[in-house]
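Before any comments, here is the structure.
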There are 2 protein chains.
Amino acid sequence: MVNETQQSCSASSSSRSDAGSSSGSEGSKDSSRCSTPVLDADRHERLREKMRRRQDSGDKWFSLEFFPPRTANAAVNLISRFDRMGAGGPLFVDVTWHPAGDPGSDKETSSMIIANTAVNYCGLETILHMTCCNQTKDDITAHLQKAKRLGLKNIMALRGDPVGEEWEEEVDGFNYAVDLVKHIRHEFEDYFDICVAGYPKGHPEAESYEADLRHLKEKVFAGADFIITQLFFRSETFLRFMKDCQGIGITCPIIPGIFPIQGYHSLRQLVKLSKLEVPQEIKDVIEPIKDNDAAIRSYGVELAVSMCRELLDSGVVHGLHFYTLNREVATTEVLKRLGMWKEDPRRPLPWAVSAHPKRRVEDVRPIFWASRPKSYIYRTQEWDDFPNGRWGNSSSPAFGELKDYYLFYLKSKSPREELLKMWGEELTGEESVFEVFTCYITGEPNKNGHKVTCMPWNDDPLATETNLLKEQLEKVNRRGILTINSQPNINGKPSTDPIVGWGPSGGYVFQKAYLEFFTSSEIVTALLKVLKKYELRVNYHIVNVKGQNITNAPDLQPNAVTWGIFPGREIIQPTVVDPVSFLSWKDEAFALWIEQWAKLYEEESPSRMIIQYIHDNYYLVNLVDNDFPLENCLWQVVDDTFELLN
Amino acid sequence: MVNETQQSCSASSSSRSDAGSSSGSEGSKDSSRCSTPVLDADRHERLREKMRRRQDSGDKWFSLEFFPPRTANAAVNLISRFDRMGAGGPLFVDVTWHPAGDPGSDKETSSMIIANTAVNYCGLETILHMTCCNQTKDDITAHLQKAKRLGLKNIMALRGDPVGEEWEEEVDGFNYAVDLVKHIRHEFEDYFDICVAGYPKGHPEAESYEADLRHLKEKVFAGADFIITQLFFRSETFLRFMKDCQGIGITCPIIPGIFPIQGYHSLRQLVKLSKLEVPQEIKDVIEPIKDNDAAIRSYGVELAVSMCRELLDSGVVHGLHFYTLNREVATTEVLKRLGMWKEDPRRPLPWAVSAHPKRRVEDVRPIFWASRPKSYIYRTQEWDDFPNGRWGNSSSPAFGELKDYYLFYLKSKSPREELLKMWGEELTGEESVFEVFTCYITGEPNKNGHKVTCMPWNDDPLATETNLLKEQLEKVNRRGILTINSQPNINGKPSTDPIVGWGPSGGYVFQKAYLEFFTSSEIVTALLKVLKKYELRVNYHIVNVKGQNITNAPDLQPNAVTWGIFPGREIIQPTVVDPVSFLSWKDEAFALWIEQWAKLYEEESPSRMIIQYIHDNYYLVNLVDNDFPLENCLWQVVDDTFELLN
């Protein structure tokens, strides 16, 4: 919240200023496979129930507020930030409503679409803000219907700022947040959890502090489930407010809004817009260092940490809500110092879970999209049912078409110049493509001194798990086995293993060795001869861009390649190699050669023709070694293939 | 087929004469857990497709014909025979229609109910015979509808024998088998696979051999899928018949009916009824040895083997149909000598599969019914959906009530006198009950010199797998931990392991250690204290007859305790410990104390009161050790419990 206008002001500057750091050290995390440490219960509970459960168990929580960015590139960055900050374990994130930015539209930067991305693609419990003044009932209903359709389950109901000075109450219109609360409950009954705003110092436009408290009570009694407060500078401000609320019969959770001061200008702007007064003791510290951003931020963190500690120690505060201003460093720092940043290296499933209610039961996916979970979620968003426990025989419904204009389906997060530096300004032949793959695997700089930190099929550096295979991968990529996905075999490691573990503790995880790569038809011919020797042990699928398909999979059945055994649970098998969906993945995997790589170069240029040649002539191959308790035989298969070729 | 009247004649004598051997050495097989080696494909294909596939692959097959017995006890024996002979891998069994025996009724001995048992409870592909003469269209339709409802998918369409000599064609009635074929196709379209009878020597009532061939062609062209022939004595009889059929355009499979001669009298009776002539060379051998049953059977086996070899060697015969006369030895012997008896020690799943089409996808069951699969099938017959891949959370539909009057739900296969010898003519206290359990485990005779080969919860001797735990089981049963179900932990044994293996080869099977027992409240109190130490490792459910239930299972979720990993497949988890269905099992398990054991004794007798006391006061306990890679800790749990008690 803070104030809608204020937030949009700081949007462009703050998102830019943090952009650098996001591709720095924090970016090296395996964000594409790691998602929020969602528990089973978390996938089924409503937000208000989660809050209650955390309060009952004494488990303190935090939440994070973001605003919609102005440009598509900033949106891409914000989504990466959702992934990274989501890993710290927020109970929810919220996305502000930005009336000037067409907030309910399908634009990449609208409030609606950013919230959609947070809930569906980043798997975060999400609150969408919504303001009501100067809007018709029909517009509001349409926004709410759309939010529901997208899987959003929580609304922050706000009045919003009237446009201009001459605002007057409309008789049948939405004049106050309470009107919106009533409307939501009337039209959508109990579907949404509703949050409303509280003002510890009273709303600047309210007749009095007491009158404002009465307004708040009206909002709660109209159906709001909890309250998030405007920011404040002293813990006693909040604690008195909370006591006053309880004094007039408000019993729902009240969550303090925390604003870590991050810079002189953003603080001044905020104060102006929110009509809050900065305490003299804070001004006294800040004024002398106003040109030293680092010093101000450091002070801001210090201040926030000590205020948060006071709040938590009071015993009446169970969660903290952070106004992040879309920045990462200060809030993360505060949370880490409070011991509330709960980065869990283990994965709830070996892929990013979506928080859409329809996908609650989903617990198995094809391994092909392991590095592109958002694309998978996008392409399956129209499914009515999601596989639960078993993928099933050829039963996967149709995969949606890829659209290359949207945020993350075919575009790279990195700008063209950076990609050219990594993947080559000019290619001289297939070997220079092999070289790019090899540098990505080894982490060594390419011949122009640039590290290759992403590939069309992997927007992030190599996963920790894949590092286990680094040496062998390097060897085969050098020779034209261009790997895009792989996993080692695992024969019952503890589920708490920091590299390959996932799921609840006390369990055991297993994997079949998997290798997926592009390669030439010459190598495929030799490979097929070698595979005859491994017929009973290795399953393979080999396909080219035209769909010519060679496989030994029985009856097109899926092959489970990751599974886990847990105390008191049924078996979970989160990834499978499914012959049917492999053909959909094939389209996507081949398209990435052109959309991300070939199109970096001029039409008809030799570089572009090299990529086009690979696209047209190479095969996409996947291999599974079924004998997971033995030593992975796939390297032997590849060695035998090269030997046959010599 | 042979001839309906003839078959019913030999029914009582032959089923009795074999009854002794069925509880002999062959009976020691673990028939309750082992079922036909059904492949995945077998569960989904129609019979005619299975025949085609076997023909294409050159994989010779056999089938077995049975007739409905006259008494309920004989029916119980026949069902055991289905289990044993089913283990040899017949492509199907068929059950003759016995017009004099109320064949479509719900009696335990009706053709309909015997066929129902074969398909649903023994998991055998089954053909139900049906005759049409002297029956109304409505009756026939009702029979067919009932057959369909019971999950029968194949009908052998026959005319049947007219009653009396004065039979005349009815104008609109069913005068010939072809009328029945047409009726089935008209009313049920392609639902049923239809078989018809062929007569290699011509039907005795046909005008001529040629006329009979034309009738056969009519039956095939009316919609029959394949032909089974009347018996014959020389292979050339069949081969000429087959050639003649093909000559007039019959292209469907023609399966020779094989009748191993098993005795002088049954042969004479057969010849009289079927109006067949026994070749002189056979008569010459048999007449001199007519009083030596063993010699005749031995000759009959010899004769059948050499005729079958000639048929198979001809290249045009792909399957053999055996008229068993409900006897086991001769047919089994012929098949073994032909190398066609394919007893596979491995289980398709660790429980008996049902061949009902509705249950095709079923692949997970609660472990509680491991020794009582027929009871489980009976109690779940009304379910619309069967669990596939995942049991799911508390989602199991209601279990049907147990009815104690039916064949195998609560009754023991053994007669009362035998049970009294095993379980004690007179009990002197709880300790004498402990003694019965202990003798069952050890295989040692009880103090009266009788071996305990079954228990109320286990109608068969101890499974081979349970033998692995014999020593520990003996120890705990002696002290009043009365075990009724258990399995060792298995950490990835090959699926071909003769003791614990199941499923296709090349896979690995796993188990969590499981122990289920009745015990006193005193022991339960100590056990619960001990279990606190094992809280994270051991899941338990403890319940008494009144339903008082103590468990540490999270959210009533099922716990997978058997699973298998196979090449190119999803994970299969055939057995789970499900907290919800455990309460249904509890009712059954407690009821067996009374129905099978207490009722052996007079009311008010001390023996009966001892069992009644145990029923009223003991608890049923199950324990799962989740840490399957470690040494089974359940024995330690029990030891600790006894130690605490001392």
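Keep in mind it's a predicted model, so treat the numbers as computed, not measured. Below, chains carry the letters A, B, ... as their sequence lines are ordered, and counting in each starts from 1.
Most heavy-atom pairs under 4.5 Å with chain B: of the set A:Asn491, A:Asn552, A:Asn626, this distinction falls to A:Asn626. Between chain A and the residues B:Val577, B:Asp627, B:Val561, B:Val576, the largest count of heavy-atom pairs under 4.5 Å involves B:Asp627. Counting heavy-atom pairs under 4.5 Å between each of B:Gly568, B:Gly389, B:Ala560 and chain A puts B:Gly568 at the top.
A:Asp59 has a carboxylate O that lies under 4.0 Å from a charged side-chain N of A:Arg54, or vice versa, which qualifies the two as a salt bridge.
Taking both residues in full, the closest heavy atoms of B:Lys358 and B:Asp384 are given as CD-O, 4.3 Å, listed atom of the first, atom of the second, then distance.
Contact annotation for residues 629-637 of chain B against chain A (heavy-atom separation below 4.5 Å, listed by residue number): B:Pro629, B:Leu630. Residues of residues 531-541 of chain B lying within less than 4.5 angstrom of chain A, judged on heavy atoms, are B:Leu536, B:Asn539 in numerical order.
Between the side chain of A:Asn489 and the backbone N or O of A:Ala513 there is no donor-acceptor pair closer than 3.5 Å. The closest donor-acceptor contact from the side chain of A:Glu516 to the backbone of A:Asn622 lies at 3.5 Å or more, if one exists at all. In this structure a side-chain-to-backbone donor-acceptor pair under 3.5 Å is missing from A:Asn485 to A:Ala370. A donor-acceptor pair is defined here as one N or O able to donate and one able to accept, closer than 3.5 Å; no such pair exists between the side chain of B:Trp351 and the backbone of B:Pro373. For B:Thr496 (side chain) and B:Ser505 (main-chain N/O), no donor-acceptor pair under 3.5 Å exists by modelled atom type.
At a 4.5 Å heavy-atom cutoff, the contact between A:Phe566 and chain B is made by backbone atoms alone. In this structure, no portion of A:Val624 lies under 4.5 Å from any heavy atom of chain B. Interface remark: B:Phe510 contributes side-chain atoms only to the contact with chain A (heavy atom separation under 4.5 Å).
Side-chain contact check for A:Trp563 and B:Gln573: no donor-acceptor pair (N or O, by modelled atom type) lies under 3.5 Å. No hydrogens or angles considered: nothing links the side chains of A:Ser581 and A:Arg365 as a donor-acceptor pair under 3.5 Å.
Every side-chain contact (heavy atoms from CB on, under 4.5 Å) that A:Pro387 has, sequence neighbours left out, goes to A:Val364, A:Trp383, A:Trp391. For A:Arg48, the salt bridge (charged side-chain N to carboxylate O under 4.0 Å, His left out) partners at least two apart in sequence or on another chain are A:Asp190, A:Asp193, A:Asp225.
Looking at A:Thr562, A:Asp625, A:Thr575, A:Asn559 one by one, the single match for side chain to side chain contact (heavy atoms under 4.5 Å, CB included) with A:Lys512 turns out to be A:Asn559.
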